[in-house]
Amino acid sequence: MTQAPSSDQPSDQVRAAARSQARPVRFRPALDGVPAYKPGKPPTPIEGVTHFKLSSNENSYPPLPSVLEAIADAASHVNRYPDPGVHGLRERIAAELGVGADEIVVGPGSAAVYDQIVQALVDDGDEVVYSWRSFELYPICVAARGGRSVQVPNTADGRHDLPAMARAIRRDTRLVIVCSPNNPTGATVGAAELEEFLGRVPAHVLVLLDEAYLQFDTSAAAVDGLDVYRRHPNVVLLRTFSKAYGLAGLRVGYAVAHPRVAAALAKTGLPFAVTDVAQQAALASLDAGEELDLRVTSVLAERGRVQDALREQGWELAESHGNFVWLPLGADSLSFGRIADAAGISVRPFDGDGVRVTIGEAAANDVLIRVCGEFLEAGRSPVD
Ligand SMILES: *Cc1c(COP(=O)(O)O)cnc(C)c1O
């Protein structure tokens, strides 16, 4: 119930506002250091120009009919809470990977599972080591928990500098992140260098291998994450249904973690976080694995087509192993972003560093190829 304010007295709301101005709510000081997450921009609508969103590494294919059917079935009982233990999906993933269900932790997106990992490990002042530039969420969750990010610069060709990362591990390090293929540079780590690196990481430090783009890495030298996981009790794998499986909007991802680690992660996740709609869609996607793999194959063909065309234009590109390409444009990154936007494709520029462009439908990729060609013809350099 609200009370009408009398005309000559300040209302309760006005008095409360004055009080809160004098003594504002106090937030944890750690929040001052939390960078804002910048989501991929939707394209700017321009009259007469078809626009495509290539800024969030989404899958451009709509959900399969069989997945939509599972979603519709699950939608009919959203008056009920989902299974908080996510049993069906965990058992199914475990069976596919040949691990125990007690080694699978499912969360609302692998981003959330990553936050659970940070929450389980990082106290005020603890350190997290990772390569930079990499996934934008890494620094955000670390800072929000009061931890310290130790960012080790990528090599000139966008790869992790694993020896430097090993040297960056100190007494307060709790977690090291390896992102392979790396978002946004598309580079991978090699099996031998990863093994050598793991040999240098103390056993009490957790190593997170983020494999969000696993399915797009078809190189012969690709790391076998599961094999690495089995041999190292301090390794955790992070995987998602958002990219290759096209369920970004439903939020479902998971960690493969040794039971003691998995039990810790279970404590930092909220109950009922993964909806039944998401659980059923993920199960249906696993059922449709072959169909979804075909889509991945066509993304890879398009990635090859785009990279070939750009190299022909004169771009010097390192090979990308994700569903995106990386243009190391340095100081030209933001201006490239604006030019692309005006041509109908939204891309992801990182100021002073480079531009990440998702491989989309063929028509969208054609626009990218055209924009890249015109950019060079306008006298811009293909490398910074
Ligand atoms: C997209 C992405 C994720 C997280 O995706 P979710 O949608 O939260 O599962 C995690 N890591 C990297 C490197 C990514 O690019």
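Since the model is a prediction, treat every value here as computed from it, not as a measurement. Only this structure's heavy atoms are used, side chains among them; waters, hydrogens and symmetry mates stay out. The chain is numbered in sequence order, starting from 1. Counting convention: from 1, in listed order, for ligands and their atoms alike.
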Donor-acceptor contact below 3.5 Å, side chain [X] vs main chain [Y]:
| X | Y | value |
| --- | --- | --- |
| Tyr213 | Cys179 | no |
| Gln313 | Ile369 | yes |
| Arg133 | Asp353 | no |

Residue pair Tyr130 / Gln151, side-chain donor-acceptor N/O under 3.5 Å: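 Result is yes, a qualifying pair exists.
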Selection residues 54-101 - residue pairs positive for ring-ring contact (aromatic ring centres under 6.0 Å, His included), sequence neighbours left out: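 Listed once each, the pairs are Tyr81-Phe272.
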Sorted by chain and number, the residues that approach ligand 1 to under 4.0 Å with a heavy atom: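 Gly109, Ser110, Ala111, Phe135, Cys179, Asn183, Asp210, Ala212, Tyr213, Thr240, Ser242, Lys243, Arg251.
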Parallel, tilted or perpendicular: ring planes of Phe375 versus Phe336, cut at 30 and 60 degrees: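 Perpendicular.
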